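Below is one structure, written out as structure tokens, with a few remarks after it.
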Number of protein chains: 2
Amino acid sequence: MKDVKARTVFVPPHRERGAVDARIAESGLRPTAQRSVVYGVLLDHAKEHPTADEIFIQAKTEKPEISMATVYNCLDALVKHHLVKQVHLDRAATRYCPNMEEHAHFLCETCGEVWDFEIAVKPRMSGFRVPSGFAVTQREVNMRGVCPACAEQEVVR
Amino acid sequence: MKDVKARTVFVPPHRERGAVDARIAESGLRPTAQRSVVYGVLLDHAKEHPTADEIFIQAKTEKPEISMATVYNCLDALVKHHLVKQVHLDRAATRYCPNMEEHAHFLCETCGEVWDFEIAVKPRMSGFRVPSGFAVTQREVNMRGVCPACAEQEVVR
DNA sequence: AACCTGAATTAGAATAATTCTAAATGTTAT
DNA sequence: ATAACATTTAGAATTATTCTAATTCAGGTT
């Protein structure tokens, strides 16, 4: 393999290879170069809740040989090892989220952006009664509406 | 068009064509034969939360000329007119639900069945704090786990 | 009753996201 | 070094859904 190393890639200061690899290793996964890049990209773009496609494009700037299949493989592995969550909104492409705290998602129907809403104190789904006999292992809350920026726009018009 | 009328189709007693058509009309849609069949099938199988495919298969027994595209068209129309909700769980095929009361969905990860969980009294998503400035128009709650029947099975084993 | 217009339906092609496959490459333990 | 196994890769295959263009249908006119 010849040295195709990209010309000086910008690595944001808050993402350190070592730390990313350590987290991957802690989860029980071997920290390969690809997993490291994929997870790193996701951590850097957590706010955007990127799709596999978007992660692929970004990962390619850091590691040009990476393939789409690998991005999917890595994401699947990260999900299985509880480092990453999938976010499903309608039938749109799956988005990925490295925030493993229990939280809700809000989709702005005007601009399409996705926001994390912290969950209030109670870990129970108060408001929703779980019939006895059902064992709930996971909860998912998605909301839709208009974000502050888009609401503003509408008023101005 | 020759008379292809199917040999005696069983129409469950609790679904009356008139009532179904009336609801479609009330929603502002013209109650065509296809919409009537699609909505009727969905009402009869609400518990199963069927996919477009499953609805198509069932609808075909009542109206053999119906096409998949029409099933999608009808479902889309019903969704737009607030007679039906889409249910998205993972990236699996969209399921349809004619229960328009606000409620949560529970997916049994063992048998794959989907259940409706009624919402308790409060219409607010207590437990979830919505940051000010965000206007929420829709909420969706999905839970996963094991249903009573499957839990039983596991114990027996 | 034929006629017009727009809506609805249809079959089949197209698309998009994801999964699968088989070969190549990399890694770890012997 | 070598075997054994995991990971990556390109590209093909799959799946659910949407699109397209032609046809049929329904309701309101002449």
Side-chain angles (χ1 to χ4, degrees), chain A residues 1-5 21 24-25 27-41 49-57 59-60 62-81 83-96 112, chain B residues 1-5 20-21 24-25 27-41 49-57 59-60 62-81 83-96 112 114:
Chain A
M1 188 224 304
K2 47 193 159 47
D3 186 13
V4 204
K5 193 170 289 174
D21 282 1
I24 294 174
S27 84
L29 274 179
R30 176 139 58 89
T32 66
Q34 288 85 344
R35 284 171 186 163
S36 188
V37 168
V38 166
Y39 189 34
V41 165
H49 296 82
T51 62
D53 218 76
E54 291 161 350
I55 294 168
F56 174 58
I57 288 167
K60 240 178 139 58
E62 294 182 32
K63 198 159 204 316
E65 336 84 88
I66 202 169
S67 77
M68 191 72 224
T70 298
V71 170
Y72 274 110
N73 284 345
C74 291
L75 289 170
D76 286 356
L78 294 169
V79 167
K80 286 216 184 79
H81 285 70
L83 288 177
V84 166
K85 253 188 208 166
Q86 294 188 318
V87 181
H88 297 282
L89 295 166
D90 309 308
R91 279 228 103 225
T94 304
R95 290 164 175 274
Y96 294 85
Chain B
M1 190 224 304
K2 46 192 161 49
D3 187 13
V4 203
K5 192 171 290 174
V20 173
D21 283 1
I24 294 173
S27 83
L29 276 179
R30 177 138 60 87
T32 66
Q34 289 84 343
R35 284 170 185 163
S36 188
V37 168
V38 166
Y39 189 35
V41 165
H49 297 81
T51 61
D53 217 78
E54 290 161 350
I55 293 168
F56 174 57
I57 288 166
K60 239 178 140 60
E62 294 181 32
K63 199 158 202 315
E65 337 84 88
I66 203 169
S67 76
M68 192 72 224
T70 298
V71 170
Y72 274 109
N73 285 345
C74 291
L75 288 170
D76 287 355
L78 294 169
V79 167
K80 286 216 184 78
H81 285 72
L83 289 177
V84 166
K85 254 189 208 166
Q86 294 188 318
V87 181
H88 297 283
L89 296 166
D90 308 308
R91 280 226 101 224
T94 304
R95 289 164 176 275
Y96 294 86
V114 176

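What you are looking at is a predicted structure, and each value in this text was computed from that prediction instead of being measured. Just so it is clear: chains get the letters A, B, ... in the order the sequence lines come, proteins before strands, and each one is counted from 1.
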Checklist entry - Considering only heavy atoms, which members of residues 27-37 of chain A lie under 4.0 Å from some atom of DNA chain D? => result A:Arg30, A:Thr32, A:Gln34, A:Arg35
Checklist entry - A:Leu75 has an atom CG; how far is it from atom P of D:dT7, in whole Å? => result 15 Å
Next on the checklist: Is the shortest side-chain heavy-atom distance between B:Thr94 and B:Leu75 below 4.5 Å?
Outcome noted: no
Item to check | Nearest atoms (heavy-atom pairs only) where A:Leu89 meets A:Arg95 | outcome: CD1-CD, 4.5 Å
Checklist entry - Please give, in whole Å, the distance from C:dG26 C1' to A:Asn73 CG? => result 15 Å
Checklist entry - Once you round to the nearest 0.5 Å, how far does OG1 of A:Thr32 lie from CZ of A:Arg30? => result 7.5 Å
Checklist entry - Does B:Ser67 put a side-chain nitrogen or oxygen below 4.0 Å from OP1 or OP2 of C:dT10? => result yes
Checklist entry - Starting at NZ of A:Lys60 and ending at P of D:dT9, how long is that distance when rounded to a whole Å? => result 9 Å
Checklist entry - How close or far is atom C1' of C:dT9 from atom CZ of B:Phe56, stated in whole angstroms? => result 13 Å
Next on the checklist: Expressed as a whole number of angstroms, how long is the span from A:Glu65:CD to D:dG11:C1'?
Outcome noted: 18 Å
Checklist entry - How long is the gap from CG on B:Asp90 to NE2 on A:His88, to the nearest 0.5 Å? => result 5.0 Å
Checklist entry - When rounded to the nearest 0.5 angstrom, what distance separates NZ in A:Lys85 from CG in A:Leu83? => result 12.5 Å
Checklist entry - So do the side chains of B:Gln86 and B:Tyr96 get within less than 4.5 Å of each other, counting heavy atoms only? => result yes
Identify each atom pair where a protein N or O and an N or O of nucleotides 15-18 of chain D are less than 3.5 Å apart, giving names and distance.
residue : atom : partner : partner atom : Å
D:dT17  : OP1  : B:Thr94 : N            : 2.9
D:dT17  : OP1  : B:Thr94 : OG1          : 2.6
D:dT17  : OP2  : B:Tyr72 : OH           : 2.5
D:dT17  : O5'  : B:Tyr72 : OH           : 3.2

Item to check | Any side-chain heavy-atom pair of B:Arg91 and A:Arg91 under 4.5 Å | outcome: yes
Item to check | Helical stems, DNA chain C - three or more consecutive Watson-Crick or G-U wobble pairs below 3.5 Å | outcome: C:1-30 with D:1-30
Checklist entry - When rounded to the nearest 0.5 angstrom, what is the spacing between NE2 in A:His49 and CD in A:Glu54? => result 12.0 Å
Checklist entry - Roughly how far apart are A:Ile57 CD1 and A:Thr51 OG1, rounded to 0.5 Å? => result 7.5 Å
Item to check | Gap between atom SG of B:Cys74 and atom CD1 of B:Ile55 - 0.5 Å precision | outcome: 10.0 Å
Checklist entry - Of B:Asp21, B:Val20, B:Leu29, which is the lone residue that meets side chain to side chain contact (heavy atoms under 4.5 Å, CB included) with B:Tyr39? => result B:Val20
Item to check | Whole-Å gap separating P (D:dT7) and CD1 (A:Ile66) | outcome: 14 Å
